[in-house]
2 protein chains.
Amino acid sequence: MPRPLPSLNALHAFEAVARLGSVSQAANELHVTHGAVSRHIRALEEELGTPLFQRQGRGLALTPAGQRLRDASGAAFGQLREACDLLRVEQAHAPFVLGCPVSLLARWMIPRLERLMADLPDLDLHLRPQEAPFDEALGGLDAAVLAGEAPWPGGWRVQPLANERVGPVVSPSLAKELHLVRSRPQAVTRQALLHTVSRPQAWTRWAQSTGIAPAKLQLGQGYPHLYHLIEAAVAGRGMAIAPEPLVADDLASGRLVAPWGFQDTAAQWVLATPARATAERSNALATWLKNAFARSVAPTP
Amino acid sequence: MPRPLPSLNALHAFEAVARLGSVSQAANELHVTHGAVSRHIRALEEELGTPLFQRQGRGLALTPAGQRLRDASGAAFGQLREACDLLRVEQAHAPFVLGCPVSLLARWMIPRLERLMADLPDLDLHLRPQEAPFDEALGGLDAAVLAGEAPWPGGWRVQPLANERVGPVVSPSLAKELHLVRSRPQAVTRQALLHTVSRPQAWTRWAQSTGIAPAKLQLGQGYPHLYHLIEAAVAGRGMAIAPEPLVADDLASGRLVAPWGFQDTAAQWVLATPARATAERSNALATWLKNAFARSVAPTP
DNA sequence: TGGTATATGTGAGTTTTCCTGACAGGTGAT
DNA sequence: ATCACCTGTCAGGAAAACTCACATATACCA
């Protein structure tokens with residue numbers, strides 16, 4: 001059982017005074033007044049029961065005991081300084097690993113990546129595809145983008161980026177063929193709906209909030225992943241339901257149309273960061289992402 | 001210019017938690033509540049911008065960053081602990097070096113030394129003969145006995161031991177020859193007075209406070225040191241003036257007599273210790289010396 | 001499955017520490 | 001002597017740390 005150390009702040013003050021040979025300079029380095037340092041030294045001498053400096057008018061000289069303590073404390077605080085600096089520096093220079101769902105990655109993030117890296121050059125962004133059961137696998141990440149709803153699990157700082165908006169999308173040719181232009185949403189019931197096997201409830205939720213009886217929906221082909229679903233829609237294989245950002249570029253380029261726009265779900269796009277990491281870098285990223293999401297919103301037709 | 005360290009108390013808490021693998025045990029070792037330690041860890045993680053522990057419900061595990069910091073902080077705090085313990089231990093076991101004027105040493109301290117070392121066996125007392133221009137040469141001493149008057153110079157803790165009392169002494173045979181028994185102090189004017197060259201004012205001061213005109217005194221043989229002076233008196237070479245403790249044993253054994261007793265001077269016997277050293281050991285010594293001085297006072301005739 | 005024991009996290013309020021700002025004392029140079 | 005500079009000390013106020021109580025989460029056990 002280690003016996004109690006003297007006041008660490010006092011030891012720190014001593015280390016600075018011993019290294020610089022001056023109370024005033026030490027006070028300057030520690031950003032305190034010389035009075036504070038003087039008190040620390042006195043307290044330490046009393047605590048150790050031995051004088052550490054010989055006062056000689058204008059300056060100080062270490063006693064033999066003081067010299068031994070200087071050697072030890074100099075090394076000890078040097079080691080601490082070095083280790084802490086290293087952690088901080090490496091923290092600042094390490095690549096920022098961002099987890100991102102595959103579909104968002106492919107259809108939204110990658111197209112914007114060049115711009116992002118140009119706007120935030122210091123970030124050194126690394127993307128890692130990652131479907132998000134939240135607390136899983138977020139170890140080793142500096143942040144993750146995901147869609148979800150409160151309550152958020154503890155241990156994560158969650159910054160909202162945008163509401164998750166979803167809506168039916170279809171290729172322009174198919175839209176024309178099905179006479180969907182300027183039609184009413186009820187038209188969805190006239191066809192088999194493409195969906196993902198992992199989220200079959202997407203259509204029914206949309207139908208409910210649009211005022212369509214879910215029972216009237218006819219689910220058609222199921223795809224293993226949202227990414228495939230959207231590709232199928234682009235290829236004119238049917239009508240899909242998709243989060244807005246994932247089809248924003250296709251809508252803009254005319255490869256897809258969203259006959260009835262998009263509407264909010266209960267979920268939000270968020271940026272999740274470990275609660276204890278520096279907010280600085282992730283804040284910058286969150287701001288950028290928030291703006292980019294806002295720009296991906298199609299004007300409601 | 002070293003960049004600022006994180007809170008040292010937080011680092012200390014971290015070191016204990018990392019070493020013991022538990023917030024609670026660390027709190028126990030540091031004699032604080034677990035809440036305090038938990039806060040320290042959080043503060044440190046925020047300050048360094050990186051998580052140091054992975055929380056897994058009931059326990060903790062170090063992150064890679066935490067492991068590096070544990071290595072550094074463990075070594076650093078170990079070094080500090082060792083150095084401080086060493087200073088304290090060596091402080092407690094080192095010989096206690098006591099400076100003492102030669103005359104007091106020879107005529108008072110040495111005869112009592114055996115008793116002193118028996119009474120305070122832990123002190124490991126070393127005596128160093130030393131005439132006392134106070135702040136000189138008291139470096140390297142743990143304490144010094146000396147006679148002097150206020151104001152005392154700064155940097156020293158001064159513990160009073162006894163008033164300095166001085167009085168004329170003479171050998172019994174000479175006292176008889178000069179008919180000093182039951183005489184009045186004015187009788188000193190009838191003879192040449194032994195004195196020290198370093199303190200010729202001793203007689204005149206005594207005369208003044210006794211009510212004798214200093215002009216009437218006849219100074220006789222001068223001696224280089226109080227020690228010689230007293231030896232001369234013992235040898236019957238004349239009347240000397242001496243501090244009471246220095247002749248206490250000679251009075252008790254009958255080798256000297258003090259026809260008119262002793263009287264206070266403005267000075268005091270004191271024990272001076274460096275202001276910043278442990279009071280513990282010097283307090284014990286001071287108490288012992290105070291008692292011994294008190295026992296050296298001859299009952300006023 | 002719910003209960004218990006154990007551990008950590010968090011918040012309000014208080015204690016303790018630390019710091020500041022002003023002044024005193026002492027030294028060396030001009 | 002005077003000045004510039006440094007250290008020491010004190011009272012009062014700012015900041016940090018602590019405690020206590022409660023919340024939360026896990027493991028183990030009946």
Side-chain angles (χ1 to χ4, degrees), chain A residues 4-14 16-47 51-63 66 134-135 151-157 274-276, chain B residues 4-47 51-63 66 134-136 151-157 274-276:
Chain A
L5 277 169
S7 154
L8 291 170
N9 291 325
L11 278 171
H12 192 207
F14 167 81
V17 174
R19 174 162 40 82
L20 300 170
S22 149
V23 172
S24 298
Q25 282 179 253
N28 195 47
E29 177 178 298
L30 299 171
H31 301 112
V32 295
T33 58
H34 70 265
V37 175
S38 178
R39 291 178 85 78
H40 274 312
I41 301 297
R42 180 154 63 106
L44 186 59
E45 288 178 317
E46 276 167 18
E47 221 161 347
L52 299 168
F53 293 99
Q54 273 186 320
R55 276 72 177 171
Q56 36 196 16
R58 208 176 55 161
L60 300 178
L62 283 162
T63 62
F134 223 105
D135 18 44
W152 309 103
W156 295 91
R157 208 165 59 92
R276 296 184 147 67
Chain B
L5 276 169
S7 154
L8 291 171
N9 291 326
L11 277 171
H12 192 207
F14 167 81
E15 190 270 340
V17 174
R19 172 161 42 80
L20 300 170
S22 149
V23 172
S24 299
Q25 282 180 252
N28 195 47
E29 177 178 299
L30 299 171
H31 302 113
V32 294
T33 59
H34 71 265
V37 175
S38 177
R39 293 178 85 78
H40 272 312
I41 301 298
R42 180 153 64 106
L44 186 59
E45 288 178 317
E46 276 167 18
E47 220 160 347
L52 299 168
F53 292 100
Q54 272 185 320
R55 275 72 177 173
Q56 35 197 15
R58 209 174 55 161
L60 300 178
L62 283 162
T63 62
F134 224 105
D135 19 43
E136 292 296 320
W152 309 103
W156 296 92
R157 208 165 59 93
R276 296 184 148 66

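Chain letters run A, B, ... following the sequence lines, proteins first, then strands; residues in each count from 1.
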**Student:** Over how many whole Å does the gap from Ile41(B) atom CD1 to dA17(D) atom C1' extend?
**Tutor:**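 After rounding, the gap between these two atoms is 14 Å.
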
**Student:** Any side-chain N or O of Thr33(A) under 4.0 Å from OP1/OP2 of dC19(C)?
**Tutor:**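 Answer is no, no contact under 4.0 Å.
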
**Student:** Output the rounded distance in Å from CG (Leu11(B)) to C1' (dA16(D)).
**Tutor:**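 Distance, rounded to whole Å: 15 Å.
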
**Student:** To the nearest angstrom, how far is Phe14(A) atom CZ from dC18(C) atom P?
**Tutor:**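 Taking CZ of Phe14(A) and P of dC18(C), I get 17 Å after rounding.
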
**Student:** Could you tell me how far apart His12(B) (NE2) and dT17(C) (C1') are, to the nearest whole angstrom?
**Tutor:**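 To the nearest whole Å, that distance equals 17 Å.
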
**Student:** Separation of Asn28(B) atom CG from dT6(C) atom C1', in whole Å?
**Tutor:**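 Nearest whole value for this atom pair: 14 Å.
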
**Student:** According to a strict under-4.0 Å criterion, is Ser24(A) in side-chain N/O contact with OP1 or OP2 of dC6(D)?
**Tutor:**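 Ser24(A) to dC6(D) OP1/OP2: no side-chain N or O under 4.0 Å.
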
**Student:** Do the side chains of Gln25(B) and Glu29(B) get nearer than 4.5 Å, heavy atoms only?
**Tutor:**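 Side chain of Glu29(B) against side chain of Gln25(B), heavy atoms only: no contact under 4.5 Å found.
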
**Student:** Are the ring of His34(A) and the base ring of dC6(D) both nearer than 5.5 Å at their centres and tilted by less than 30°?
**Tutor:**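 According to the criterion (under 5.5 Å, under 30°), no, His34(A) does not stack.
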
**Student:** Strictly below 4.0 Å: does Ser22(A) bring a side-chain N or O up to OP1 or OP2 of dT7(D)?
**Tutor:**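 The answer is yes; a side-chain N or O of Ser22(A) sits under 4.0 Å from OP1 or OP2.
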
**Student:** Can you find a side chain N or O atom of Arg39(B) that sits less than 4.0 Å from OP1 or OP2 on dA17(D)?
**Tutor:**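 No, outside the criterion.
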
**Student:** Indicate whether OP1 or OP2 belonging to dT17(C) is found under 4.0 Å from a side-chain N or O atom of Asn9(A).
**Tutor:**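 Answer is no, no contact under 4.0 Å.
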
**Student:** Just how far, in rounded Å, is P of dA16(D) from CG of Leu8(A)?
**Tutor:**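 Leu8(A) atom CG is separated from dA16(D) atom P by 16 Å.
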
**Student:** Would you say that Leu8(B) contacts Leu11(B) through its side chain, given a criterion of any heavy-atom pair below 4.5 Å between the two side chains?
**Tutor:**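 When only atoms from C-beta onward are counted, Leu11(B) and Leu8(B) do touch, with a gap below 4.5 Å.
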
**Student:** Counting only side-chain N and O atoms of Arg42(A), is one of them less than 4.0 Å from OP1 or OP2 of dT9(D)?
**Tutor:**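 True: Arg42(A) side-chain N/O within range (under 4.0 Å) of dT9(D) OP1/OP2.
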
**Student:** Which nucleotide, dC19(C), dT19(D), dG9(C), lies nearest any side-chain atom of Leu60(B)?
**Tutor:**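 The closest nucleotide is dG9(C).
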
**Student:** Between dC18(D) atom P and Leu30(B) atom CG, what is the distance in whole Å?
**Tutor:**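 Rounded to the whole Å, the gap is 8 Å.
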
**Student:** So does His40(A) get a side-chain nitrogen or oxygen closer than 4.0 Å to the phosphate oxygens (OP1/OP2) of dT17(C)?
**Tutor:**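 So the side-chain polar atoms of His40(A) never come under 4.0 Å of the phosphate oxygens OP1 or OP2 of dT17(C).
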
**Student:** Could you tell me if the side chain of Leu60(A) sits less than 4.5 Å from the side chain of Gln54(A), heavy atoms only?
**Tutor:**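 Not in contact.
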
**Student:** Can you find a heavy atom in the side chain of Phe53(A) that is under 4.5 Å from one in the side chain of Leu62(A)?
**Tutor:**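 SC-SC contact between Phe53(A) and Leu62(A) confirmed.
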
**Student:** Please give, in whole Å, the distance from dA7(C) C1' to Gln54(B) CD?
**Tutor:**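 That distance rounds to 17 Å.
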
**Student:** Distance-only, no hydrogens or angles: does the Glu45(B) side chain make a donor-acceptor pair with backbone N or O of Leu52(B) under 3.5 Å?
**Tutor:**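 Judged by distance alone, yes, a pair lies under 3.5 Å.
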
